Amino acid sequence: MSNDNHVQETILKAFSDLIRQYGYRGTTTKKIAAVANVNESTVFRHFKNKAGILKALIQNYLFDVKQAANDFEFHDDIETDLVQAASIYQQFIKQHQSIFLLSLHESAEFPEIESVINQLPQYFHDLLMDKFREMMQAGEISSEIDIATEVDSFVTLCFGNAVASFVYPNSALFVKSEQFLENNIRTFAKHLK
């Protein structure tokens, strides 16, 4: 990694960390520079302004959505497949926590973030719709289920637990990752058979 790339990644990480702590408005270029251990002029040279840093963070998110899509492999076992999908989803949201928090807390100010955030659940929704149809035709899941409703429920279940993990980490709303995958997701998968 070149020095410029390293500096940009350091600035992006500082920005991401500060957004989680202070929100977008409370995150200043002065704070970003201090946390990144660079001069404020370096921040401006690499990104021009705070909006430029946000744009780069969003671009990283979009790149990672595609990567998460490539990481997902079906194994023709509904339990294994849904546990893997939920696990990838959880890891992704944790990795991009600052963008998700920004979309939850300040989406009125940044409507473009909402469409970006929707790309991951939409991708998984579309992927699972296709897979559920295949599995229904193969007799692996019940022909009695409403595929669209079940896929919507699964995506909402995953998104809800992931968001609860960083918005309400000490609440009964949050189910720890291992328990969520082993109990909630496997139970969900079993009812599809």
Side-chain angles (χ1 to χ4, degrees), residues 1-73 83-128 155-156 158-170 174 176-178 180-181:
M1 179 185 305
S2 75
N3 192 41
D4 273 355
N5 287 344
H6 176 72
V7 170
Q8 286 179 347
E9 290 302 316
T10 302
I11 293 169
L12 282 170
K13 181 174 181 345
F15 179 68
S16 182
D17 292 347
L18 289 165
I19 283 178
R20 283 196 300 272
Q21 189 172 1
Y22 299 107
Y24 184 82
R25 285 189 181 168
T27 298
T28 65
T29 53
K30 194 173 291 272
K31 286 179 185 174
I32 295 165
V35 171
N37 200 27
V38 298
N39 291 323
E40 192 173 13
S41 62
T42 302
V43 173
F44 294 127
R45 187 173 67 245
H46 284 273
F47 294 101
K48 297 192 187 212
N49 54 32
K50 193 166 66 168
I53 303 171
L54 178 59
K55 183 177 179 182
L57 200 63
I58 290 170
Q59 290 303 315
N60 285 353
Y61 174 91
L62 293 173
F63 175 81
D64 289 348
V65 165
K66 292 178 181 133
Q67 187 59 48
N70 292 337
D71 290 346
F72 189 79
E73 296 177 17
V83 166
Q84 180 190 14
S87 179
I88 289 170
Y89 200 93
Q90 285 180 329
Q91 290 168 9
F92 188 91
I93 290 178
K94 185 176 182 179
Q95 180 181 355
H96 296 282
Q97 184 179 14
S98 60
I99 292 283
F100 280 91
L101 286 173
L102 188 62
S103 76
L104 291 172
H105 296 297
E106 302 179 61
S107 61
E109 190 173 337
F110 305 103
E112 69 275 12
I113 289 179
E114 184 178 349
S115 67
V116 169
I117 291 297
N118 287 337
Q119 289 190 27
L120 178 69
Q122 186 62 53
Y123 175 79
F124 275 113
H125 179 276
D126 295 347
L127 187 72
L128 291 169
V155 172
T156 302
C158 291
F159 182 78
N161 193 65
V163 170
S165 74
F166 53 83
V167 176
Y168 307 109
N170 300 316
F174 169 57
K176 292 188 183 202
S177 181
E178 302 78 26
F180 179 72
L181 295 174

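Being a predicted model, the structure only gives us computed values, none of them experimental.
- F44 CZ: more than 12 foreign heavy atoms inside a 6.0 Å radius.
- Residues satisfying the ring pair (Phe, Tyr, Trp, His ring centres under 6.0 Å) criterion with Y24, sequence neighbours excluded, are F110.
- T27 and I19 make their closest contact through OG1-N, 3.5 Å (heavy atoms, listed as atom of the first residue, atom of the second, distance).
- The side chain to side chain donor-acceptor pair (under 3.5 Å) analysis of residues 42-52, with sequence neighbours excluded, yields the pairs Q8-H46.
- Rounded to the nearest 0.5 Å, atoms CZ (F100) and CD (Q95) are 10.5 Å apart.
- When the side-chain hydrogen bond (donor to acceptor under 3.5 Å, both in side chains) test is applied to K176, no partner is found at least two apart in sequence or on another chain.
- For Q90, the side-chain hydrogen bond (donor to acceptor under 3.5 Å, both in side chains) test picks out S177, with sequence neighbours left out.
- Between A86 and F180, the shortest heavy-atom distance links the atoms CB-CE2, 4.3 Å.
- Between the side chain of S16 and the main chain of K13, no donor-acceptor pair closer than 3.5 Å is present.
- One distance of note links CZ of R20 with CG of D17; it measures 4.5 Å at 0.5 Å rounding.
- The shortest heavy-atom contact between L102 and L54 is CD2-CD1, 3.6 Å.
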Could you pull out every donor-acceptor pair under 3.5 Å between side chains of residues 32-40 and any protein atom, sequence neighbours left out?
from, atom 1, to, atom 2, distance (Å)
E40, OE2, T29, OG1, 2.4
E40, OE2, K30, N, 3.4

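- Ring to ring, H96 and F92 are close: their centroids are under 6.0 angstrom apart.
- For the atom pair CD1 (I53) and CZ (F15), the distance works out to 5.5 Å, reported to the nearest 0.5 Å.
- Applying the side-chain contact (heavy atoms from CB on, under 4.5 Å) criterion to S87, with sequence neighbours excluded, gives Q91, L181.
- Once rounded to the nearest 0.5 Å, the distance linking CZ of F47 with CG of L57 reads 9.0 Å.
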